[in-house]
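Take a look at the structure below.
Quick note on labels: first sequence line is chain A, next is B, and so on, each numbered from 1.
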2 protein chains.
Amino acid sequence: MAKGGTRQSAAEPRPITIKDVASRAGVGLGTASRVLNGNENVAPHLREQVFKAVQDLGYHPNSVARSMRLGKSYAVGCLVTDIRQPIAAEMIAAAENTLRRAGYTLIVASTHFDDSREAEILSLLQNRVVDGMLLAVNRDNDPETARRLAAINIPMVLWERSPDGGFDTVLTEHRVGARRATEHLLELGHREIALVAGHLDTWVGREQRAGFDAAFTARRLEPPAGRIFEVGAFGARKLEALCRVERPITAIIANIDEIPGILHFCAKRGLVLPRDMSIVSIGDASILEVMTPSITAVRGNGTKVAQLAATLLLKKMADKQPETASERLSVGMQLKIRHSTAPLNDGGGGHV
Amino acid sequence: MAKGGTRQSAAEPRPITIKDVASRAGVGLGTASRVLNGNENVAPHLREQVFKAVQDLGYHPNSVARSMRLGKSYAVGCLVTDIRQPIAAEMIAAAENTLRRAGYTLIVASTHFDDSREAEILSLLQNRVVDGMLLAVNRDNDPETARRLAAINIPMVLWERSPDGGFDTVLTEHRVGARRATEHLLELGHREIALVAGHLDTWVGREQRAGFDAAFTARRLEPPAGRIFEVGAFGARKLEALCRVERPITAIIANIDEIPGILHFCAKRGLVLPRDMSIVSIGDASILEVMTPSITAVRGNGTKVAQLAATLLLKKMADKQPETASERLSVGMQLKIRHSTAPLNDGGGGHV
DNA sequence: TCCCCTCGTGGAAACGTTTCCATCGTTAGT
DNA sequence: ACTAACGATGGAAACGTTTCCACGAGGGGA
């Protein structure tokens with residue numbers, strides 16, 4: 001119908017630019033820009049006029065244009081496996097906090113264990129949409145990913161990933177954590193201990209296994225064979241099998257995500273904690289404290305890790321010369337002994 | 001020392017632009033741009049040459065420049081109160097998923113209950129750094145915030161916030177959820193029920209109270225006075241008081257965040273669940289299923305809420321005419337009856 | 001008194017992209 | 001065979017900002 005109508009009449013209002021501000025304030029572009037950026041060398045009355053024009057027009061600077069001119073986006077990317085993991089959320093929150101204070105915004109992305117997404121996100125990076133990157137993707141033995149990472153030439157800090165790649169890394173002492181958990185159980189007399197740890201192709205998973213083994217070998221004990229599993233590749237069937245073998249397990253060290261399933265299994269099978277089974281969680285949460293029985297756990301400090309990582313990233317981004325050597329920071333773990341672990345019960349097992 | 005050294009020698013490598021690609025491919029800028037944007041009207045051999053040049057040079061388009069030219073950033077902001085709340089993380093994950101599929105990235109920010117941060121973030125918006133916004137900030141009775149929101153003229157969808165403001169909203173039926181939880185307890189014979197709900201200045205909190213009251217009044221019962229609390233403003237002391245009054249409470253409906261504290265209190269005081277106290281959680285988690293006893297809960301569906309919100313936002317962003325009326329979508333809640341709720345025990349209370 | 005330096009100011013240039021416009025070559029139709 | 005039309009192509013313009021450069025005024029020192 002209105003095909004021939006005046007197009008101008010329905011035109012959207014043109015956004016207000018710094019030019020509008022300058023002309024309204026009766027000054028040049030340069031002066032307007034200087035005022036807005038806090039440059040001192042401007043006459044006070046002109047400064048006033050510019051501020052008034054900004055008020056009158058409701059001007060908001062276009063930060064995309066600013067980014068373009070400056071070659072900086074003031075955005076930091078953060079790539080995690082899954083935001084829904086409480087530890088990831090904790091770290092994101094802490095990183096965001098630190099970064100925001102420095103004027104950066106955080107762009108969050110999840111890979112959800114999908115490598116193609118990881119590649120997609122990493123390519124976003126190279127589009128310069130971010131000035132730096134926090135990476136918590138954990139598969140670190142994939143040569144393709146490593147190659148891609150090495151090809152990125154923006155500041156980047158890795159979380160919980162092998163520090164051997166020459167990148168800046170911030171990590172939790174998972175090896176020490178796992179070792180301490182294991183030692184705790186060994187001291188209680190347990191020998192038949194199962195470990196449900198991170199994936200083998202992640203640094204975290206390997207460290208956990210190393211700590212587990214170290215606790216045994218330091219006592220001249222043989223680490224139990226066939227008792228080590230990956231998260232996800234574990235469940236009631238595996239547990240059932242472990243309870244049916246000649247020397248059934250009496251203790252489990254498991255990632256916090258696996259704890260609900262394990263408790264469920266124990267309850268169903270009539271195993272009473274900690275009498276028939278001792279359990280240590282890798283990773284802590286307030287709910288573990290108030291369960292019956294409360295669950296012994298090794299706890300990291302995701303907030304601290306993230307703060308360190310963010311601070312390190314800020315440093316790297318501020319650094320003009322990217323020649324400085326890569327840094328490696330680590331944060332300890334703490335064993336919280338509660339009531340899900342008890343001395344080994346020599347009795348005839350937990351069959352009801 | 002090297003003050004007078006040749007500056008050029010140490011110059012950082014100039015980024016590769018589309019101009020470089022064009023000249024290397026022996027074509028004009030326009031052609032290069034057309035190839036990269038999938039425009040069909042380009043001779044196949046030129047297309048080849050351009051792709052080859054891209055490969056050779058390792059060219060990555062600068063998306064900031066692209067945003068600037070297009071007036072679109074392909075970024076969506078997401079403002080939540082606290083990423084660490086599992087429900088928030090769930091929603092962020094789902095929203096990110098949906099948005100990424102449409103080519104958008106998600107910028108996440110937390111207010112941490114700090115209004116000044118909220119303002120700060122909202123002003124970021126107006127800098128056009130995002131094309132749309134998902135808002136889950138929940139204080140909705142603050143006139144200042146409402147004014148600011150109304151002043152923003154980019155597409156925006158609100159989560160779990162009063163739908164009366166004329167904005168597009170997606171929300172969970174918290175009123176129904178609270179009502180169902182309350183009815184469940186009433187049917188079990190409980191009358192002295194405490195409610196620990198969201199803040200009064202949030203839509204969620206008000207809806208929860210309304211549902212709670214509605215369950216009572218529908219049965220011609222008087223809603224209990226002095227038994228309704230806000231999350232955070234609750235704790236062992238309040239609980240203690242509620243157990244010491246003339247008619248002590250026999251059941252609690254509480255936000256999932258408060259459940260650990262409540263369980264802790266009950267354990268310490270020797271109250272056995274569900275004999276001495278029935279508990280319903282508002283919000284669900286897998287851990288609630290496997291606790292002893294397992295915890296009855298009303299569960300929402302954050303994923304669905306977020307998907308709806310993201311889809312709605314995409315629609316709004318694609319819409320040229322922002323004249324369409326505001327929409328309101330809602331997602332139901334479900335009561336999961338487990339073992340933390342039981343018929344009222346008429347006995348003499350739970351003192352051990 | 002003249003010159004030089006400094007400080008404040010305005011405007012052009014540049015950032016890297018997309019799009020529009022003009023041009024050129026080719027093909028088809030009369 | 002000539003013209004008209006159309007499709008492919010190259011390059012200028014524009015997006016909104018910051019920065020650099022040039023210029024002018026004013027003041028102080030010689």
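- Using a 4.0 Å cut-off between a side-chain N of Lys or Arg and a carboxylate O of Asp or Glu, B:Arg328 and B:Asp168 do not qualify as a salt bridge.
- Regarding A:Lys72, its NZ atom lies at a distance of 14 Å from the P atom of D:dT18, rounded to whole Å.
- With sequence neighbours left out, the salt bridge (Lys or Arg N to Asp or Glu O under 4.0 Å) criterion links A:Lys52 to A:Asp56.
- When the salt bridge (Lys or Arg N to Asp or Glu O under 4.0 Å) test is applied to A:Lys315, the partners found at least two apart in sequence or on another chain are A:Glu327.
- As a whole-Å value, the separation of A:Arg69 CZ from C:dG16 C1' is 12 Å.
- Rounded to whole Å, the distance from CE on B:Met68 to C1' on C:dC15 is 8 Å.
- The distance between atom CD1 of B:Ile18 and atom P of D:dG11, rounded to the nearest whole Å, is 14 Å.
- What separates OH of B:Tyr74 from P of C:dT18 is a distance of 11 Å, to the nearest Å.
- The line from CG of A:Leu135 to CH2 of A:Trp159 is 9.5 Å long, rounded to the nearest 0.5 Å.
- Near DNA chain D, meaning a heavy atom under 4.0 Å away, the residues from residues 44-52 of chain B are B:Leu46.
- As rounded to whole Å, 7 Å separates atom P of D:dG16 from atom CG of A:Asn62.
- Heavy-atom nearest nucleotides on DNA chain D were determined for B:Val27 and for A:Thr17, and the one closer to the 5' end corresponds to B:Val27.
- Among residues at least two apart or in separate chains, there is no salt bridge (Lys or Arg N to Asp or Glu O under 4.0 Å) pair with a member in residues 60-81 of chain A.
- For DNA chain D, the neighbouring residues in residues 29-36 of chain B, judged by any heavy atom under 4.0 Å, are B:Gly30, B:Thr31, B:Arg34.
- Shown here are the salt bridge (Lys or Arg N to Asp or Glu O under 4.0 Å) partners of A:Asp82, two or more places apart in sequence or in another chain: A:Arg84.
- Following rounding to the nearest Å, B:Leu70 (CG) and D:dA13 (C1') show an atom-to-atom distance of 15 Å.
- Residues forming a side-chain hydrogen bond (donor to acceptor under 3.5 Å, both in side chains) with B:Thr303 (at least two apart in sequence, or on another chain): B:Glu90.
- When only modelled atom types and interatomic distance are considered, B:Asp131 and B:Ser73 share a side-chain donor-acceptor pair under 3.5 Å.
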Just the atom pairs and distances: protein N or O near nucleotides 4-6 of chain D's N or O, under 3.5 Å.
none

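- Here the nucleotide nearest the side chain of B:Asn41, chosen from D:dA8, D:dA14, D:dT17, is D:dA8.
- Pairs of residues two or more places apart, or lying in two chains, never qualify as salt bridge (Lys or Arg N to Asp or Glu O under 4.0 Å) while including a residue from residues 149-163 of chain B.
- With sequence neighbours left out, the salt bridge (Lys or Arg N to Asp or Glu O under 4.0 Å) criterion links B:Arg100 to B:Glu96.
- Residues A:Leu134 and A:Leu99 are in side-chain contact: their nearest non-hydrogen atoms beyond the backbone lie under 4.5 Å apart.
- For B:Arg66, taking side-chain heavy atoms from C-beta onward, the closest of the listed nucleotides C:dT18, D:dA8, D:dT18 is C:dT18.
- The ring-ring contact (aromatic ring centres under 6.0 Å, His included) search around B:Phe167 returns none, not counting sequence neighbours.
- Distance check, rounded to the nearest 0.5 Å: CG of A:Leu36 to CD1 of A:Ile18 gives 5.0 Å.
- An end-to-end axis angle of 60° holds for the helix from C:dT1-D:dA30 to C:dT30-D:dA1, taken from five base pairs per end and rounded to 10°.
- Contact check for A:Ile92 versus A:Ile83: side-chain heavy atoms found under the 4.5 Å cut-off.
- Rounded to whole Å, the distance from CZ on B:Arg24 to C1' on D:dG10 is 20 Å.
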